Structure formats: C-alpha cells, structure tokens
Amino acid sequence: MHEQYQFREIEAAAQSHWEHQQSFVVREQAGKDTFYCLSMFPYPSGKLHMGHVRNYTIGDVIARYQRMQGKNVLQPMGWDAFGMPAENAAMKNQVAPAKWTYENIAYMKAQLKSLGLGIDWTREVTTCKPDYYRWEQWLFTKLFEKGVIYRKNGTVNWDPVDQTVLANEQVIDGRGWRSGALIEKREIPMYYFRITAYAEELLSSLDELTGWPEQVKTMQRNWIGKSFGADIVFDYDQASIGIEGQLRVYSTRPDTLMGATYVAVAAEHPLAQRAAEHNAELAAFIAECKSGSVAEADMATMEKKGVPTGQFVIHPLTGDKLPVFVANYVLWGYGEGAVMAVPAHDERDFAFANKYSLPITQVYAAEGKDFSASEWQEWYADKSGLTTLNSGKYNGLDFTGAFDAIVADLEASNHGARKTQFRLRDWGISRQRYWGCPIPIIHCDSCGDVPVPEDQLPVVLPEDVVPDGSGSPLAKMPEFYSCTCPKCGQPAKRETDTMDTFVESSWYYARYASPQYTQGMIDPAAANHWLPVDQYIGGIEHAILHLLYARFFHKLMRDEGLVSSNEPFKNLLTQGMVVAETYYRTLENGGKDWFNPADVEVERDAKAKVIGAKLKSDGLPVEIGGTEKMSKSKNNGVDPQAMIDQYGADTCRLFMMFAAPPEMSLEWSDAGVEGASRFLRRVWRLAHSHASAGLPAALDKASLNDEQKAVRRAIHLAIKQASTDIGQYHKFNTAIAQVMTLMNVLEKASTATEQDRALIQEGLETVTLLLAPITPHIGHALWSALGHTDELLDVSWPAVDESALVQDSLTLVIQVNGKLRGEIQVPATASREEVEAAARQNENVLRFIDGLTIRKVIVVPGKLVNIVAG
RNA sequence: GCCCGGAUGGCGGAAUAGGUAGACGCAAGGGACUUAAAAUCCCUCGGUGGUAACACCGUGCCGGUUCGAUUCCGGCUCCGGGCACCA
C-alpha cells in the first residue's frame, strides 16, 4: 500500500480489474432476486455534462448498494441518438448527423467508463441504428393496423422564409431563430398515437405507483386532467348565420348555463371562417390569430382578444340569442374549438366581458352577499355553499342540484349530454425532419396509407445526408421516397416524415433486457425476468412527457403480448439540476457577454461575503448574474472531465453525492471538490498507518473499556444511519456525513493496544463498506489493504450490532415554557418520575421558575422535559 | 396564464412521527509545525448586548393552532421545473 493516495493508479487498477473480470455483465439467474437499476440514457450531445455525472453516479450508487444486498443487478446504458441538435451541428459544420452522433457516442462512452460506473456494456443500445428502430417501425405498423395510430391534421410553426417547420424551441418572440421571419401556424397531416384511449388507465394506475414521488403523480394527474361536465348544443340563429346547424361546446360547468351571455370560437372554427367571408375586420383578426407560435405558454400569456362575428346562436334553455365571438384564447383542436362564456363565474370570461362590455349575469349567490365587480373572484372560485339565482326554474339549487337538473333538461331536448372529458390530447409524432426514425408508411393513390410489410422492414434512414435548414431533406430525395405500393404494385410515395424522438425513449428500457434479439422487438421471457424497472433515475424535467409516454408505451407493448406488467417503472427518483454562478458584462448593443466561472476571480469582504468579481485575464470587474442551470448560453458549465482528470472519479462522485440530496438542485463549488478530495486522503492516510503497523487480531467484543465502547458505538451508529439514509431514503449526503463523523472518531481513537487496533480495523472496514457504492475505486484498494481477498463488489452490506448502541446514561434537555434552560444526565433506566424530579432540581430551571407556579410538566422519553410555569 | 416544487449562517446543507435550529463539509480568522511553501494538526466561527456567566433575537413575509412550530393550518412574496416539435 503506497503512502500517498494515488488516485490515478488506484482507479486504473480497479477499472481494469472489473473489465477483466466482466464484473458487471449480468445474465438471468433463476432463484436470485433481480434489481433493474436504470438511469435515463443520454442524448449524445458531445461530451458529458454535470447533470449526466450526477444522474449516473446516483444510479451507480444505488446499483452497487443493491448488489451488496445480494441482488442480481442489471445496470445498462445506451444512447438517445436521434434528435435536432445533430441536424443543427450538421448545418454548422457540414458534417452528416450520423457521423457527428457516432463520434460523440465514442467520446462520451470513454468518459462514462472513466467514472467507474458498474454498467453492463454488452447491452448497449443506440436508437439511431436500424437494429433498434426497425422494431419501432414494426410496432408502428401493428398499431396502425389496429387503429391505435391514425392520421389527421395538426398545427405546426411555419417559417415562411426558410420554408420549414420549426420546433417551439426554435421560435423566439414569435420569429424563426435562423431567418428572423414572423412565424405562422400551419395545418399539416400528421400521424397520432391514440393515447387518449388509455387516459383512464394512465390515470388510475398512478395509484399503483407507490414508489413514485407524489409531486410527479400529481403533475401527471393534472396533465391527464379528467373532468366531469357536459356537451351543450346551441342551435344556429338562421337569420344571422344563414344556414341551419348546431354549435357544440363542452363545459365543466353546465350548472352555470343560465349565466352564459356569449359564446367564443377559435379562429379556425367553421363559423368563424363563414363569418369572415364578408367581414374584412374579422378576416384580419383571424389572420392575426394565425401568427405566432403554437406553444401553449405563448397562447396563454398573450392578451385575450376577440371580435364579434355578427352571428348568434340560440340558448338551449332560454331561447335567447347569444352573440358569437372569435377569440384568440380558444384553441382549435382542443375539445370542440368553441366555449360558452359565463362571465360571472369564470375569471377569463369575466375579463373578456368587461373588455368588450358584454352582459354579466350572476347565477350563484351566498347568503348575505351581493355581487359586485370588486368581489367577482369569490363567485367563480368557489362552488360550495352557494345557491343559484337568476336561473328561472333552476333557482335555489346547489352545484349538484343545478348540474343535474340542467343536464337532464338538455338531454331531454337533445341539446346536450353528460360527458367525462380528458385534457390529455392524442400524441402527434410526425416530424418534418431528417435525423429521426422513418415512419413506415407508403402512400398509394389507389390503396391510401399502406404500412410497410414486415419483410420490408426496416425502412433505413440514409446516413450520409447533410441537411440545409430548408424543409425536410428526405422529401427532396427520390431515391428514398420513390417506391411501389406493397398492395397493388403501382408506383407510390414513401412517407418522408420521421418520428418524434420521444418514441425511441419510450421503450428502450425494455430493449435492454434482450438488446440483440432478432426475432422480435423484445424477448418476452427476458423482459418479464427484469421488468418492471426497480429504480428509474432522471431529471425532474421529464416528470410529464417522457414518463407519461413511456407508461403509455408499456401498456401498448402489454396489449401486444410483449410484457406482462402494467407499469414500466416501480420506483422513480427525480434528480435536481446542477447549477452554477453566472458572470457577464453588458455589451454596447445591450446584449450580454457571459464568462465562465473558471475564468473569473471572486472578491470577498472580511466576513467572506461575496462583494464582486473580476475577470482573471484583464482584472476588470464583471457583473454577477446569479446561479442558473449550467448551460452553453450562460457559459457557466463546468467540464466534469477536468475535475475527473485533476481529482479522480471517486472524488468527483463523492462531491456530487455529498453536496446536496439527489432531488435538490446542486450548486457547483470548486472548493467543495477540494474538500471531498481531502476527506479521501484522510481515509487513505489512516488506513495506511493502520495497515503498515500490521493487521491486528480479532476484536474481543466482551472486554471493551468505556472509551472503546464509545468508538464501537460510533461505528455502529454510522452503519445504522447510513443504511437507512442510502437504502430507504436515498439521502447520500447525510450518509456521507455519518461516515465523516465516524472518521473524526477513528482518527482520535487510541491505538495503544491490540484491542484498540482491532477496533480501528472494524472502523476502517466499516468506512470502506459504507463508501463502497459511492467511491468504489478507493474501496477496492482499501479492502485488500485491510487484508481481504474477496471481491468488495459482492461483500454484504454491514449489519448493525444493536448491543454496541446501548448507552448507560442519557443526556436530556430541560425546557421552561418551551425554551432551552439546561441539560441533565440520567441513567438510561430512569423512570418518568425520576427524570421529572431531576429536572425540577436543575439550578437554571429553579432560577427561571422562581416565583412562578408549575402548571404542567411534559416528559418526552429519551429527549426532553418541558416545565410549563406561569 | 395554468400545473408542480423550493426558500434555514458568509456558502452547500442537517434536523426522515410537532420536541436541543445550524449535524457534516466549504470558506474565513487565529495559532502550531516548516528556512519557506504545500500538506497536516489545534482553536474560533448565526446576530445583538455583556469581561464573563449568560440574556434576548433568529429557519423568505404576515397571521393562526400548540406546553413547544424549520416541521401543521390560512394568506402572500420571490426563485426554479413543465406546458404537448429541446431532450
């Protein structure tokens, strides 16, 4: 054992040992408990960022801990390799996305290996390779035949200059990011997954996911958004509209129908289109509604505007004529594209009615309260304890009474029906992009949309294309799209859209069970052996979309007979972001020049409070911009590679796990890394001085003196705390703090006798084992230095010796009226009465209760005594 | 705008059944060792007052429940994540 902690040699030796032993290659083993530990696979963007390092360290710690619990652990890794960044890089550097992607994968794989992750690399999956996406195409054709996938129009962002569809991310303040052109909404045909058919199950089976954070389940519930309401039908007023017809709306508040004073439709609604034919102002407004992005956040924050169509519809209960407006806040493609408005009982309707001086009819009141504009919020916010008014025959009812009576009448007159609706919309997966999985459909003039037959799969994406940012490259390649119809043999055209990359990431976890399987999408026997995933780890930003799509896909695969479970991920851990300080200077044009924290020197006052910062290169001041998520745009990314090279993987892993609990955001700190490194050097130093004096004989637990008992108690307290922290709560930071506390004790412990040294041996073994999942390389070296020949990876997690925790006396806190006034030592066996009596005699207590009467004494066993006096 | 979170010393964080606020670490200050530096070790370290013992205040803000609230309840403020074509 070398005197110095030489992490490079130690880490290289451990990694080559694991590689040589194939330590992390797993097979199905009958009779052994499995543990499938999965981290969200990375997009191969170039190099690892801190978020990856954090994610995969958390996963590796859990995987190694479970292995020490005796489980057969599967920890795979792969690449979410299709996506937009590859196309952007291609345009910038004139490199094909495939080449760029494969080079990134090679580099990042080496980086992952240098972190010492216990990954079974024989199961590596790369989503842009035909052997992966062919099965995605296969499932697509099956689902298309079943009707789970269908085609309809959808709205996209259209850049009229580049003549291309843009992602929401590529629309900045309503303009295309490259062209600067004003973006328009455009309707194009797309393929959709009928996820709404699974809405009910996706909602109800959330209850089975007891290992998921409540927060994530709540977000998914709200996203699915089950609501109870009614369809309501308004007959057209023929005089103003000119034709017979009916306007259908959905409302969760049919009970307020008597308060409806207008209806609003989306710009794309047929009524709006019809009215605009002879109304220039309306036509202009409809055109205005078509500008801007399709992102819901943009739609929801823009000013609510509307224009009357001059048309009216007939209120189904009163026969009154209600004006029809076109409003920019009504979304086409969501519900019926039309809403009824009840200004008195809906915030948005109220604002709109005030803006356009529309009538407001209050139909609910609470006892003793009058309606006034200043109190309007009370009227729509609450539907309990209110009674209807201004509602004719429906007066004097509560919410349920009004709801039932009105819906019954609507149903009787064929003007509506009770309906349960979901907010969830079908999943549109068509992308007018090159670097994605081709949609396996052939368009034939006589046969329509024909799925590509199984024996012609995969539809291979050509890999040598460099996109130019205008339109879809595949649509310009006859050699790709020219084909013959599989049904009739006539010339036909292949679909040139590719799939949303969320499709690949919706089933990769299942492919890991049988990654090289050529007989099907997944081998059911292997999949059912490993699935569901025991622990899934990834960023909180995936709480809704990715996790909902993957749950949906699991149910699709179940219904195809590929898997037998209902849900893919049993336990979920959502990690927080990695953030760092930002620094900038404002440029003359008002823009900002961002500086990397590595290039900036921070200035502090005498109390170490940060008072300023300057650039190292020119010594001039820079502005401090606050901590933000590490990103290219703010230039505040810290390269994990530099840290691994300078301090080693173990230090890097230790710091990541110690700095914050996994769910919380983690602030980058160079000094903190230094501290983690210092701690590992201390462990090494103690182990070295211990081992170089010769390993001691076994500990005689029966003959320990008080000092030795205290040391042994510290050892087993650390085991106890670290076991619950890691095993139960995933609080790696406090587990590490416990081990640090133990090290503080061990460093000060006596080494005078063989018995003392046997205790140090037990302590060092404990430190090694508790840290083994977190810092496995140094653990590997220490374990053999402590005289062991077995494999640390498979050593059992240490067990608590409860007898070591027993204490003879306890320290109790004494309070007077809830304020800390002193401490007393009592025998562990002291009765409640004895404890109370001791507390009453405490000098400080006597001082504080002097002249007061003791009203009550509260004794919390083992903790405190509170004397209530007044 | 809507949905979901978060806020504790100079900093990261701890307090996992309502029971000692600040564990553990970082930074800082003082000291030891050293020719010197690095490394290492020791001491101090929420604020105010006090020589000290100690006292009072203190967990984003306002209010409530309780013998006792960082923890529970009501109302806010600010920051972050998501919003269906970023992954």
Side-chain angles (χ1 to χ4, degrees), chain A residues 40 42-43 45 80 83-85 154 156-157 165-171 213-216 218-219 221-223 225 294-302 304 329 347-348 424-425 427-433 500-502 505 539-546 548-549 574 576-577 579 604-610 626-629 655 658-661 663-667 669-676 678-679 681-682 685 724-725 728-729 731 733-734 736-741 744 811-820 823 844 855-858 860 863-864 866-870:
Chain A
M40 291 182 186
Y43 177 79
S45 54
D80 189 14
M84 238 176 22
V156 295
N157 302 307
V165 176
L166 296 184
N168 285 334
E169 189 193 52
Q170 297 172 314
V171 181
E214 265 325 304
Q215 167 198 3
V216 174
T218 305
M219 282 192 261
R221 272 187 203 105
N222 292 339
W223 185 262
V294 298
E296 198 192 301
D298 293 340
M299 304 286 284
T301 48
M302 70 189 174
K304 309 287 178 289
Y329 65 84
E347 181 175 4
R348 195 175 54 187
L424 183 68
R425 312 202 290 261
W427 175 17
I429 54 121
S430 293
R431 298 291 179 268
Q432 299 68 46
R433 265 183 264 288
D500 181 359
T501 57
F502 272 126
S505 56
I540 183 69
E541 66 272 21
H542 297 291
I544 295 174
L545 292 180
H546 163 61
L548 188 65
Y549 292 147
T574 49
M577 297 172 310
V579 298
R604 295 165 188 277
D605 65 10
K607 285 191 169 179
K609 197 169 187 171
V610 173
T627 49
E628 297 199 41
K629 180 176 174 170
F655 168 70
F658 180 60
E663 300 84 2
M664 236 186 257
S665 64
L666 183 153
E667 188 172 341
S669 150
D670 286 325
V673 180
E674 188 64 50
R678 187 178 306 148
F679 175 72
R681 290 199 300 269
R682 277 172 59 198
R685 200 184 319 127
T724 43
D725 283 354
Q728 218 175 320
Y729 300 111
K731 289 251 190 178
N733 56 328
T734 50
I736 293 165
Q738 277 302 312
V739 180
M740 288 175 167
T741 306
N744 290 342
T811 305
L812 299 189
V813 160
I814 312 300
Q815 298 179 332
V816 176
N817 291 332
K819 289 199 174 186
L820 179 65
E823 282 181 357
N844 214 29
R855 302 234 160 94
K856 200 164 47 157
V857 178
I858 290 151
V860 182
K863 286 211 167 125
L864 60 72
N866 186 16
I867 295 169
V868 185

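Reminder, nothing fancy here: chain letters follow the sequence lines and each chain counts from 1. Keep in mind it's a predicted model, so treat the numbers as computed, not measured.
Residues A/Met299 and A/Tyr329 are not in side-chain contact: their nearest non-hydrogen atoms beyond the backbone lie 4.5 Å or more apart. Taking 4.5 Å as the limit, some side-chain heavy atom of A/Gln815 sits within range of a side-chain heavy atom of A/Leu864. A/Glu674 places none of its side-chain heavy atoms less than 4.5 Å from the side chain of A/Phe655.
Rounded to whole angstrom, the span from the CZ atom of A/Phe658 across to the C1' atom of B/C26 amounts to 9 Å. Look at CE on A/Met664: it is 13 Å from P on B/U16, rounded to the nearest Å. If you measure from atom CG of A/Asn817 to atom C1' of B/G68, you get 10 Å, rounded to the nearest angstrom. Taking atom CE of residue A/Met577 and atom C1' of nucleotide B/C79, one finds them 10 Å apart after rounding to whole Å. As rounded to whole Å, 18 Å separates atom C1' of B/C2 from atom CZ of A/Arg221. At whole-Å resolution of the value, CD in A/Glu663 and C1' in B/G81 are 15 Å apart. The nearest whole Å value for the distance from the CD atom in A/Gln215 to the P atom in B/C4 is 10 Å.
A donor-acceptor contact shorter than 3.5 Å links the side chain of A/Asn157 to the backbone of A/Val294. Of the possible donor and acceptor atoms, one in the side chain of A/Asn866 sits under 3.5 Å from a partner among the backbone N and O of A/Gly818. A/Gln728 places no side-chain N or O within 3.5 Å of a backbone atom of A/Asp725 that could act as its donor or acceptor partner.
At B/A23, none of the side-chain N or O atoms of A/Asn744 fall inside 4.0 Å of OP1 or OP2 (strictly under the cut-off). The side chain of A/Asn733 places an N or O atom within less than 4.0 Å of a non-bridging phosphate oxygen (OP1 or OP2) of B/A14. Close to B/C57, at under 4.0 Å from its OP1 or OP2, lies a side-chain N or O of A/Lys819.
Comparing B/C86 with B/C79, their P atoms are spaced 25 Å from each other, to the whole Å. The P atoms of B/C61 and B/G9 are separated by 10 Å, rounded to the nearest whole Å. Nucleotides B/G25 and B/U35 have their P atoms positioned 31 Å apart, rounded to a whole Å. On the P atoms, B/U34 is 25 Å away from B/C26, given to the nearest whole Å. Look at the C1' atom in both B/G13 and B/C3: the space between them is 29 Å, to the nearest Å.
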*Determine, step by step, whether A/Arg855 and A/Asn817 satisfy the side-chain hydrogen bond (donor to acceptor under 3.5 Å, both in side chains) criterion, reporting the C-alpha distance in whole Å, the side-chain angles of both residues, the deciding distance to 0.1 Å, and the verdict.*
CA-CA 10 Å; A/Arg855 302 234 160 94; A/Asn817 291 332; over 6 Å; no
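Closest to the A/Ala300 side chain, of the nucleotides B/G25, B/G13, B/G1, is B/G1. Candidate nucleotides B/G12, B/A23, B/G1 were compared by shortest atom distance to the side chain of A/Ala737, and B/A23 ranks first.
Mapping A/Asp725 and A/Asn222 onto RNA chain B by nearest heavy atom places A/Asn222 closer to the 5' end of the strand. Nearest-nucleotide positions on RNA chain B for A/Gly672 and A/Glu214 put A/Glu214 closer to the 5' end.
Stem analysis of RNA chain B (Watson-Crick or G-U pairs, both distances under 3.5 Å, runs of at least three) returns B:1-7 with B:77-83, B:10-12 with B:24-26, B:28-32 with B:40-44, B:46-49 with B:54-57, B:60-64 with B:72-76.
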Enumerate all atom pairs, one protein N or O and one N or O from nucleotides 39-45 of chain B, separated by less than 3.5 Å.
| unit_1 | atom_1 | unit_2 | atom_2 | d |
| --- | --- | --- | --- | --- |
| B/U40 | OP1 | A/Arg681 | NH2 | 3.4 |

Report each atom pair, protein N/O against N/O of nucleotides 17-20 of chain B, whose distance is under 3.5 angstrom.
| unit_1 | atom_1 | unit_2 | atom_2 | d |
| --- | --- | --- | --- | --- |
| B/G19 | N2 | A/Gln815 | OE1 | 3.4 |
| B/G19 | N2 | A/Asn866 | ND2 | 3.2 |

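A side-chain contact (heavy atoms from CB on, under 4.5 Å) with A/Val156 holds for exactly one of A/Val165, A/Leu166, A/Asn168; it is A/Val165.
In this structure, the side-chain contact (heavy atoms from CB on, under 4.5 Å) partners of A/Ile540, at least two apart in sequence or on a different chain, are A/Gln215, A/Val216, A/Met219, A/Ala543, A/Thr574. For the salt bridge (Lys or Arg N to Asp or Glu O under 4.0 Å) test, no residue two or more places apart in sequence or in another chain qualifies with A/Arg425.
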*Which parts of nucleotides 82-87 of chain B does protein reach within less than 4.0 Å, heavy atoms only, written one letter per nucleotide 5' to 3' as B for base, S for sugar-phosphate only and - for none?*
SBBBSB
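In B/G12 the base sits anti relative to the sugar, since the glycosidic angle is further than 90° from 0.
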